[in-house]
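Comments concern the structure below.
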Amino acid sequence: MAAEVAGTISRAARREAEEPHSLVARFDADRPLSLDCGVDLSPFQIAYQTYGTLNEERSNAILLCHALTGDQHVFNTHPVTGKPGWWTTMVGPGKPIDTDRFFVICSNVIGGCMGSTGPASTNPATGRPYGLDFPVVTIRDMVRAQAMLVDHLGIEKLFCVAGGSMGGMQVLQWVASYPERVFSALPIATGAKHSAQNIAFHEVGRQAIMADPDWHHGRYLDQDTIPRKGLAVARMAAHITYLSEPALQRKFGRNYQDRDRPTFTFDADFQVESYLRHQGSSFVERFDANSYLYVTRAMDYFDLGDDFGGVLGEAFRDAKTHFCVVSFTSDWLFPTADSRAIVHALNASGARVSFVEIATDKGHDAFLLNEPELIATTGGFLSAAARAHGLPEKDT
Ligand SMILES: CC(=O)SCCNC(=O)CCNC(=O)[C@H](O)C(C)(C)COP(=O)(O)OP(=O)(O)OC[C@H]1O[C@@H](n2cnc3c(N)ncnc32)[C@H](O)[C@@H]1OP(=O)(O)O
Ligand SMILES: N[C@@H](CCO)C(=O)O
């Protein structure tokens with residue numbers, strides 16, 4: 001399957017939208033999704049995965065929210081890349097998010113390209129892919145759609161909502177939108193609003209896509225092209241922000257790639273150049289360019305405090321949720337100060353919150369890597385929350 005689908009993610013995205021991969025469960029909503037932009041999106045579907053078993057009380061469900069370019073494939077082999085899912089370090093039997101104990105759900109966000117309705121889906125008004133006719137979606141819209149999925153699964157209250165980066169934004173939005181439905185929350189490497197610098201990086205990426213002649217004003221699927229170069233450059237620029245200067249230095253330094261002296265050309269002389277080119281070109285194989293525009297835009301618009309009169313604490317006023325907020329010392333995309341602002345707001349609203357800053361040089365994407373302190377923190381937090389929630393201990 002991986003070989004069959006790889007190579008043309010836009011066509012793959014389209015196929016996923018029309019006929020999702022057999023691994024993927026699909027929820028076809030029976031009512032429209034009311035979006036913040038004023039549009040009622042209909043029809044719409046959500047592609048999702050579940051792992052583990054929902055208990056009789058329906059009280060052991062954990063919703064995982066994926067990051068910018070992630071998807072629902074958390075633990076299984078990814079159907080497009082053939083690689084392991086994005087959180088195999090954290091999720092699985094005996095792991096902190098223990099699929100022998102918890103029922104784990106992850107869905108592809110609205111606007112995404114792995115089976116949920118997005119810009120590659122067919123616009124019922126035209127019979128063609130939406131392209132830029134797809135309405136702009138927000139983090140709150142993504143969460144609204146997830147809540148409809150959770151309703152469909154018959155779950156009233158989630159034991160935990162967890163996620164990193166854009167996933168962490170969704171975690172915060174879940175508590176703000178549905179305070180009674182979230183027992184515990186684990187926002188990692190995230191912020192309550194997207195900073196000016198982060199919006200700036202996203203804009204560079206979007207402009208790179210839109211400057212590619214193969215983008216065709218978003219109509220590339222009709223032209224049987226893909227804006228490969230633009231999307232790859234967008235990812236290269238973004239990928240730098242997911243790492244850190246010390247990590248780049250440790251991994252590559254000024255080392256040459258397969259040569260021992262410079263070529264005096266614009267070839268990828270340095271390892272770091274070769275690495276970034278690889279990250280860019282491999283990304284094009286798994287992600288759709290228009291989805292990149294929409295999902296980055298959703299992050300840009302996120303400003304939770306602004307929705308509550310500029311007082312972030314008000315977003316959590318009614319919450320009884322147990323929080324654990326996590327940041328990484330070398331994350332310059334969502335620096336610790338962003339997490340601290342969330343913690344201060346939670347304290348001001350009287351919420352139960354613990355805060356862990358993890359020392360690492362791995363940068364923002366540390367949450368995707370084998371980071372022992374994150375694994376220990378997640379395990380400890382979920383164990384304590386499970387006791388407080390009255391979940392039975394795991395049979396040994
Ligand atoms: C939360 C979610 O929903 S998941 C989001 C979607 N997933 C992601 O964003 C993951 C993509 N991100 C990454 O891969 C990030 O680099 C990280 C930080 C998470 C991974 O870090 P690491 O495991 O340390 O891998 P690293 O950054 O070294 O990259 C390894 C890749 O670079 C390649 N590479 C390494 N050095 C070089 C080089 N000099 N030249 C060319 N390629 C190179 C490797 O061959 C490997 O390729 P592959 O991924 O195609 O197998
Ligand atoms: N590297 C991850 C996190 C970015 O915030 C992704 O692409 O989704």
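Annotation for D100 and G94: closest pair OD2-N, 4.1 Å, computed over non-hydrogen atoms. The shortest heavy-atom contact between P96 and F102 is O-CE1, 3.9 Å. For the residue pair P79 and M114, the shortest heavy atom distance occurs at CG-CE, 4.0 Å. G131 and N290 make their closest contact through CA-ND2, 3.7 Å (heavy atoms, listed as atom of the first residue, atom of the second, distance). Here the closest non-hydrogen pair linking I97 and W87 is CD1-CZ3, 3.8 Å. Of all heavy-atom pairs between S107 and L149, the closest is CB-CD2, 3.7 Å.
Between D267 and R259 there is a side-chain heavy-atom pair separated by less than 4.5 Å. Taking the side chain as every heavy atom from C-beta outward, S42 and R31 never approach each other to under 4.5 Å. A 4.5 Å side-chain heavy-atom check between H322 and H389 finds every atom pair outside the cut-off. The closest side-chain heavy-atom distance from R128 to R219 is below 4.5 Å. Under the 4.5 Å side-chain criterion, counting only non-hydrogen atoms from C-beta, F134 is not in contact with S121. Put simply, the side chain of T378 reaches to within 4.5 Å of the side chain of L374, judged on heavy atoms.
Side-chain atoms of E273 and Q257 include no donor-acceptor pair closer than 3.5 Å. At a cut-off of 3.5 Å, with distance as the only test, a side-chain donor of Y220 or D288 sits close to an acceptor on the other residue. In the model, R206 has a side-chain atom that pairs as donor or acceptor with a side-chain atom of T296 under 3.5 Å. Side-chain N/O atoms of S244 and S330 include no donor and acceptor closer than 3.5 Å. The closest side-chain donor-acceptor pair between H73 and N76 falls under 3.5 angstrom. Side-chain polar atoms of H66 and D71 form no donor-acceptor pair below 3.5 angstrom. Of the N and O atoms on the side chains of R140 and Q173, not one donor lies less than 3.5 Å from an acceptor on the other residue. For the residue pair H364 / S165, a side-chain donor-acceptor distance below 3.5 Å is found, with atom types taken as modelled. Defined by atom type and a distance below 3.5 Å, a donor-acceptor pair is missing between the side-chain atoms of D331 and S327. Inspection of the R286 and T69 side chains reveals an N or O donor paired with an N or O acceptor under 3.5 Å. In summary, the side chains of N370 and T89 do not present any donor paired with an acceptor at a separation below 3.5 Å, with no hydrogens or angles considered.
The aromatic rings of F159 and F183 lie parallel to each other, with less than 30° between the two planes, well short of the 60° mark. Using cut-offs of 30° and 60° for the angle between ring planes, the Y242 and H239 rings count as perpendicular.
To the nearest 0.5 Å, the span separating CZ on R144 from CH2 on W174 amounts to 12.0 Å. If you take CD1 on I46 and CD1 on I110, they are separated by 5.0 Å, rounding to the nearest 0.5 Å. M90 CE to L64 CG: the interatomic distance, rounded to the nearest 0.5 Å, is 9.5 Å. A distance of 12.0 Å separates OG1 of T88 from NZ of K83, quoted to the nearest 0.5 Å.
By the rule that hydrophobic residues join a cluster once side-chain heavy atoms approach within less than 4.5 Å of another member, V175 and M148 end up as members of one cluster. Note: the hydrophobic cluster containing L231 does not contain F201 (ILVMFWY, side chain heavy atoms under 4.5 Å, direct or indirect links). M169 is not connected to V326 by any chain of hydrophobic side-chain contacts under 4.5 Å among Ile, Leu, Val, Met, Phe, Trp and Tyr, and they are in different clusters. In the hydrophobic clustering of this structure, V39 groups with Y294; members are Ile, Leu, Val, Met, Phe, Trp, Tyr whose side-chain heavy atoms approach within less than 4.5 Å, directly or through other members. Note on W86 and V284: separate hydrophobic clusters, where clusters join Ile, Leu, Val, Met, Phe, Trp and Tyr whose side-chain heavy atoms are under 4.5 Å apart, directly or indirectly.
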query = Do Y301 and H194 pass the side-chain hydrogen bond (donor to acceptor under 3.5 Å, both in side chains) test, and can you show the C-alpha distance, the side-chain angles, and the key distance before you say yes or no?
reply = CA-CA 7 Å; Y301 282 151; H194 218 210; over 6 Å; no
task = Applying side-chain hydrogen bond (donor to acceptor under 3.5 Å, both in side chains), run through D269 and T263 and close with a yes or a no.
result = CA-CA 7 Å; D269 278 0; T263 59; 2.8 Å; yes
ask   = Can you list the steps and then say if T360 with E371 is a side-chain hydrogen bond (donor to acceptor under 3.5 Å, both in side chains)?
value = CA-CA 8 Å; T360 174; E371 186 59 62; 3.0 Å; yes
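Just one residue in the list V109, L41, L35, V136 forms a side chain to side chain contact (heavy atoms under 4.5 Å, CB included) with D141, and that residue is L35. Just one residue in the list R228, Q223, K229 forms a side chain to side chain contact (heavy atoms under 4.5 Å, CB included) with I226, and that residue is R228.
The number of heavy atoms from other shown groups lying within 6.0 Å of CD (E57) is above 12.
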